[in-house]
2 protein chains.
Amino acid sequence: MIQSLKRTFDILEYIASNGNLVRVNDIAQALGLQKTTVHNFLVSLKQLGYVEQDEVTPRYRITAKINQLDFSGIPYYDLRNKLKPVIERLTLESNETSFLAIQMGNYFRYEWKCEPARSLRISLELGKEFEMRHTAIGKVFMAYSPHLSNTVSKGLSESEIIAQNKEMKQILERGYALDLEEYEKELHCVAIPYFYKNRIISVIGLSGPAHRFGEKEMQHMVQLFKTII
Amino acid sequence: MIQSLKRTFDILEYIASNGNLVRVNDIAQALGLQKTTVHNFLVSLKQLGYVEQDEVTPRYRITAKINQLDFSGIPYYDLRNKLKPVIERLTLESNETSFLAIQMGNYFRYEWKCEPARSLRISLELGKEFEMRHTAIGKVFMAYSPHLSNTVSKGLSESEIIAQNKEMKQILERGYALDLEEYEKELHCVAIPYFYKNRIISVIGLSGPAHRFGEKEMQHMVQLFKTII
DNA sequence: TTAATTAATCCAACATCGTTGAACAAATGA
DNA sequence: TCATTTGTTCAACGATGTTGGATTAATTAA
């Protein structure tokens, strides 16, 4: 157990469970630490923006920044159940395979899929990980996460990066991404972000053979998605 | 800047902004740390319950525990505006002084008040700090925070603690606290908790002279409060 | 199934970085 | 005004996290 990590959270928990406006001394006493120790932690937390001091009295409070770390309330486990009818509907209307993908660091994986009842159809493995580049789904994740986009850019040439940024911008404007035989010959794919509380928590994708699943069909599915979501 | 504190949040922020399901290696690479260093942090965070590992793949995610530190969305600054009409109404109906108090560690202070237009009335300073014990408002804070209650108990005799716990229990049952000439002779006070998302974020208090502001009047105000909140 | 590869975990010596206490400054109260 | 409490600063010490390499486990390829 990393001591200062534990102390960090001891301090934060103390602040949180004592009205979110507390004195250095009270924390120190309650946790059995030196004032100056607690003070140092608070200075660091303040620099990082996780705590701030009261304007009137020298008291500390936790700021809203901690919220970016809070995923509670996001229905991860409920995601399949929630979006299953959506992708089933998309497959029903398009007669192509639809997917539900979630981000895993620099990769994504399919959590769920729905295949149409026809012989020639796209079929990809659930659970397996895919690279972000060259896939419609990956590009959506990248477009909505500059951080991810930068990571993926590493090692690319100047011109490739410019092209990528341009495409990201376009995806943000349109609200969806396309993969026109980029990942694989004869394969078309369209991907749309799914948000929860302003956070992108999954991406819905639709894949079909290029000859029958063209831009027109894909755009139609985007429209449909937006009406049923 | 305490290094491990910064690293702790760097890691958490990385996880949070990369889909909340990431590998040790990706974190290490992105932050320029050793795998083992990151791993040690994750072990500690896991022990504290702030992260957990995916069931299928060895990936880490932030848990819901961080939520207890998240005060965003709690209308602290908006509190006065929200509850001002409430305490004004209470004063109007009771013809006594009402207060809006917030916790500050082991103390509380009045954020706002409303005094009736009559000569004999209770008047207490805004901003000043008050002890939790022997005040109705303090007892409400204590009743809803075992942690605070324990802290305040320190140094009390066995019998005093028993008496206090009994009163706390009663307050929880009733949903309000009374101070019958306990803080000061001839002074009666009733206090009611105000919750937001299951958290007690402030306490409303009403004070009046004992001879005219008795238990009956106080209970009546509690009923009123519950209807207008 | 075995080999090869990658990822995760463990370990012990080292050096960094947080801790300590005392002294100082600022705020509060008498 | 002085006395008291509380918050902040500082430098030397020593606890504790870091490092790289070795080990183990999990994947992937053959």
Side-chain angles (χ1 to χ4, degrees), chain A residues 1-12 14-15 18 21-48 50-61 104-107 109 124-131, chain B residues 1-12 14-15 18 21-48 50-61 104-110 124-131 151 155:
Chain A
M1 170 62 64
I2 295 174
Q3 194 194 47
S4 20
L5 192 153
K6 172 149 175 52
R7 291 187 170 177
T8 300
F9 284 101
D10 283 346
I11 290 172
L12 288 174
Y14 181 85
I15 299 177
N18 285 278
L21 209 53
V22 300
R23 304 189 297 190
V24 175
N25 254 351
D26 290 336
I27 303 175
Q29 271 194 358
L31 304 181
L33 298 172
Q34 300 295 113
K35 281 190 296 191
T36 159
T37 304
V38 174
H39 179 252
N40 283 339
F41 276 85
L42 291 172
V43 167
S44 294
L45 284 167
K46 202 161 90 172
Q47 278 184 36
L48 294 179
Y50 286 104
V51 305
E52 63 188 10
Q53 279 181 289
D54 191 39
E55 307 73 36
V56 251
T57 54
R59 280 150 200 282
Y60 292 86
R61 75 157 67 87
M104 304 184 76
N106 305 330
Y107 311 88
R109 77 173 177 202
L124 293 164
E125 290 174 67
L126 289 186
K128 199 186 154 196
E129 275 158 39
F130 291 82
E131 300 277 345
Chain B
M1 170 63 63
I2 295 174
Q3 194 195 45
S4 22
L5 191 153
K6 172 148 176 51
R7 291 188 169 176
T8 301
F9 283 102
D10 284 346
I11 292 172
L12 288 174
Y14 182 85
I15 300 177
N18 285 278
L21 209 53
V22 300
R23 303 189 299 189
V24 176
N25 254 350
D26 291 337
I27 304 176
Q29 271 193 0
L31 304 181
L33 298 173
Q34 300 295 114
K35 284 187 294 193
T36 159
T37 304
V38 174
H39 179 253
N40 283 339
F41 276 86
L42 290 172
V43 166
S44 294
L45 284 167
K46 203 162 91 172
Q47 279 184 35
L48 294 179
Y50 286 104
V51 305
E52 63 189 9
Q53 279 181 288
D54 192 38
E55 307 73 36
V56 249
T57 54
R59 282 151 197 279
Y60 291 86
R61 75 157 66 89
M104 306 182 75
N106 305 330
Y107 311 88
F108 71 84
R109 78 173 176 202
Y110 296 120
L124 292 165
E125 289 175 67
L126 290 186
K128 199 186 153 195
E129 277 158 37
F130 291 81
E131 299 276 346
T151 310

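Here is the naming used below: chain letters follow the sequence lines, and residue numbers restart at 1 for every chain. Every value quoted in this text rests on a predicted model; they were computed, and no experiment measured them.
Nearest to the side chain of B:Thr36, among C:dT20, C:dG18, C:dC11, sits C:dC11. When the nucleotides C:dA8, C:dT9, D:dG17 are ranked by their closest atom to the side chain of B:Tyr60, C:dT9 comes out on top.
Put simply, A:Arg7 has a side-chain N or O that comes within less than 4.0 Å of OP1 or OP2 on C:dT19. Note on B:Thr37: every side-chain N or O is 4.0 Å or more away from OP1 and OP2 of D:dG17. OP1 or OP2 of C:dG21 sits under 4.0 Å from a side-chain N or O of A:Gln34.
With rounding to whole Å, A:Lys6 atom NZ is found 14 Å from C:dT19 atom P. A straight line from CD of A:Gln29 to C1' of D:dT6 spans 12 Å, rounded to a whole angstrom. If you take NZ of A:Lys35 and P of D:dT8, they are 10 Å apart, rounded to a whole angstrom. Rounded to an integer number of Å, the gap from A:Ile2 CD1 to D:dT18 C1' is 10 Å. A straight line from CD of B:Glu129 to C1' of C:dA27 spans 12 Å, rounded to a whole angstrom. In this entry the distance linking CG of B:Leu33 with P of D:dT19 reads 7 Å, nearest Å. Straight-line distance from the CG atom of A:Leu42 to the P atom of C:dG18: 14 Å, rounded to whole Å. Taking atom CD of residue A:Gln47 and atom C1' of nucleotide C:dG18, one finds them 15 Å apart after rounding to whole Å.
Taking for each of A:His39 and B:Asn40 the nucleotide of DNA chain D with the nearest heavy atom, the 5'-most of the two is the partner of A:His39. Nearest-nucleotide assignment on DNA chain D puts the 5′-proximal partner with A:Gln53, out of A:Met1 and A:Gln53. Between B:Leu5 and B:Val24, the residue anchored nearer the 5' end of DNA chain C, judged by the nucleotide with its closest heavy atom, is B:Val24.
Between B:Phe41 and B:Arg7, some side-chain heavy-atom pair lies under the 4.5 Å cut-off.
Comment: A:Glu52 does not engage A:Lys46 in a salt bridge, judged by the lack of any side-chain N to carboxylate O separation of less than 4.0 angstrom.
Using modelled atom types, one finds no donor on one side chain facing an acceptor on the other under 3.5 Å when comparing A:Arg23 with A:Tyr60.
B:Tyr50 and A:Phe9 have parallel rings, their planes meeting at less than 30° on a 0 to 90° scale where 60° marks the start of perpendicular.
Considering B:Ile27, B:Asn40, B:Val38, B:Val24 in turn, B:Val38 is the only one that fulfils the side-chain contact (heavy atoms from CB on, under 4.5 Å) rule with B:Leu33.
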